[in-house]
J.: 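Structure incoming, see below.
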There are 2 protein chains.
Amino acid sequence: MDFEAIKAHLAKKGLKATHQRLVVLQCLLMLKNHPSVEQVYEKIRPGNPTISLGTIYKTLETFVEAGIVQRVSTKEGAMKYDANLSRHDHIYSTNTQEIIDFEDEELSKIVENYINKKRIGNFKVNDIRIQIEGEKINPEKDIDII
Amino acid sequence: MDFEAIKAHLAKKGLKATHQRLVVLQCLLMLKNHPSVEQVYEKIRPGNPTISLGTIYKTLETFVEAGIVQRVSTKEGAMKYDANLSRHDHIYSTNTQEIIDFEDEELSKIVENYINKKRIGNFKVNDIRIQIEGEKINPEKDIDII
DNA sequence: TTTTAAATAATAATAATTCTTATTTAGGAA
DNA sequence: TTCCTAAATAAGAATTATTATTATTTAAAA
């Protein structure tokens, strides 16, 4: 999603393409590590010293409502946001406090089909997520998915 | 898990079986709806008017450390706790803000096997959770899983 | 029983988030 | 392009959620 695509997306939702919004979204797309509001703030501040923390809170929630970013489900601390809208899951590393993207179309399909077959009465399923929790063996190195 | 089993469990962890702890755990086992600290507090207070909110915070976190209850992963608001330790997943109803238990051994096994087969390098998997997000058709009625 | 380390109540402190309002600005209209 | 206006922002106050502190109480071992 480039700048023009973002602007178009905002316009479609009747939202103004302010400098603050573009910077916040660009930051989210760059970071990729599901940052908190505070982390976005610290990243952006050097280049935008007058931006307000409240604006970042508001901007991110506006994006959630507009369907441009998603909240990340966690068991602790501050809210985290994710600009990766492709169907994907998360690996939670408890010892390093990282949340890493995990993409596996095949697994997603298997689970989706299973649940659709099962049918849940009086309920409309909108999204299915798999959370893989565990810990990095070597916290310094990246995990690698074979 | 009855009272004596709880006492034994606490003793095994070197924790005192205080009245407050027993009441909090009993409440959690009864409620089953993954309550927040505040919800436990309101539920317990009538019968235990001198109990302190801070004690409930502390008690629940003590239970988490002792492995007696688990935190529930959410995208918003206050922390929620779950005393159901059997392997299970959660259905998140966004329109009613409910979190409902979902047990399906077969699905759990399928996903677990799939991920174990895949192997994630430099990472030790401890837990796999499936989150089903959606909305109740009729918010008044329960969902029913066929 | 007595002792004592652990737990609690009460409350202060901190952290995370939301709200309020005066000022600024994006984007449409003239 | 300039003007207009509704929407957005900055700054900071207020609220909510959680954690820390400390004097007092209590479970459970001696």
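Chain A is the first sequence line, chain B the second, and so forth, proteins listed ahead of strands; every chain is numbered from 1. The shown structure was predicted, so the numbers you read here are calculated from the model rather than taken from an experiment.
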J.: Starting at the 5' end of DNA chain D and moving along, which residue's nearest nucleotide shows up first, B/Lys7 or B/Met79?
T.: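 This one resolves to B/Met79.
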J.: Does the distance from a Lys or Arg side-chain N to an Asp or Glu carboxylate O, for A/Lys80 and A/Asp82, drop under 4.0 Å?
T.: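 No, no charged N to carboxylate O under 4.0 Å.
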J.: Over how many whole Å does the gap from B/His19 atom NE2 to C/dA9 atom C1' extend?
T.: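 Rounding to the nearest Å, NE2 of B/His19 and C1' of C/dA9 are 15 Å apart.
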J.: Rounded to whole Å, how long is the line connecting atom CD of B/Gln20 with atom P of D/dT24?
T.: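 One finds 18 Å between P of D/dT24 and CD of B/Gln20, rounded.
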J.: Measure from the side-chain heavy atoms of A/Thr18 and tell me the nearest of D/dT9, D/dA27, D/dA17.
T.: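 Closest of the options to the side chain of A/Thr18: D/dT9.
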J.: Whole-Å distance between D/dG12 C1' and A/Tyr41 OH?
T.: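 After rounding, the gap between these two atoms is 12 Å.
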J.: Output the rounded distance in Å from OH (A/Tyr57) to C1' (D/dA14).
T.: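 Atom-to-atom, A/Tyr57 to D/dA14, this comes out as 14 Å.
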J.: Atom NZ of B/Lys80 to atom C1' of D/dT18: distance rounded to whole Å?
T.: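 Spelled out: NZ on B/Lys80 to C1' on D/dT18 is 15 Å.
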J.: D/dA10 phosphate, OP1 or OP2: any side-chain N/O from A/Thr55 under 4.0 angstrom?
T.: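 Checking D/dA10 against A/Thr55, a side-chain N or O does come within under 4.0 Å of OP1 or OP2.
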J.: Please compare B/Pro49 and B/Gly14 by the position of their nearest nucleotide in DNA chain C and report the one closer to 5'.
T.: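 Mapping each residue to its closest nucleotide by heavy atoms, the 5'-most match is B/Gly14.
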J.: Of the nucleotides C/dA10, C/dT17, D/dA11, which has the atom closest to the B/Ser52 side chain?
T.: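 Selected nucleotide (nearest to the side chain): C/dA10.
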J.: Could you tell me how far apart A/Glu61 (CD) and D/dT9 (P) are, to the nearest whole angstrom?
T.: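 Whole-Å distance recorded here is 14 Å.
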J.: Report the residue (A/Gly54 or A/Thr62) whose heavy-atom-nearest nucleotide on DNA chain D is the more 5′ of the two.
T.: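 Its nucleotide being nearer the 5' end, the pick is A/Thr62.
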J.: Answer yes if A/Ile145 and A/Val111 sit in the same cluster of Ile, Leu, Val, Met, Phe, Trp and Tyr residues linked by side chain heavy atoms under 4.5 Å apart, and no otherwise.
T.: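 Looking at the clustering, A/Val111 is in the same group as A/Ile145.
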J.: Taking 4.0 angstrom as the limit, do A/Lys118 and B/Asp104 come out as a salt bridge?
T.: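 Yes, A/Lys118 and B/Asp104 are salt-bridged.
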J.: Between A/Leu60 (CG) and D/dA8 (P), how many Å, whole number?
T.: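 Spelled out: CG on A/Leu60 to P on D/dA8 is 15 Å.
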J.: Counting only heavy atoms not in A/Arg119, do more than 12 sit closer than 6.0 Å to its CZ atom?
T.: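 No, not enclosed.
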J.: Please work out if A/Thr50 contacts a base, only the sugar-phosphate, or nothing of the nucleic acid, heavy-atom cut-off 4.0 Å.
T.: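 A/Thr50: backbone/sugar contact only, no base atoms under 4.0 Å.
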J.: Is it true that B/Glu65 and B/Lys13 make a salt bridge, defined as a side-chain N closer than 4.0 Å to a carboxylate O?
T.: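 Salt bridge between B/Glu65 and B/Lys13, a charged N being under 4.0 Å from a carboxylate O: no.
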J.: Quick check on DNA chain C: between B/Lys16 and B/Thr59, whose nearest nucleotide comes earlier from the 5' end?
T.: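 Result: B/Lys16.
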J.: Specify the separation, in whole Å, of atom NZ of B/Lys58 and atom C1' of D/dT19.
T.: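 Result: 10 Å.
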J.: Are A/Ser36 and C/dA16 close enough that a side-chain N or O sits under 4.0 Å from OP1 or OP2?
T.: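 Answer is no, no contact under 4.0 Å.
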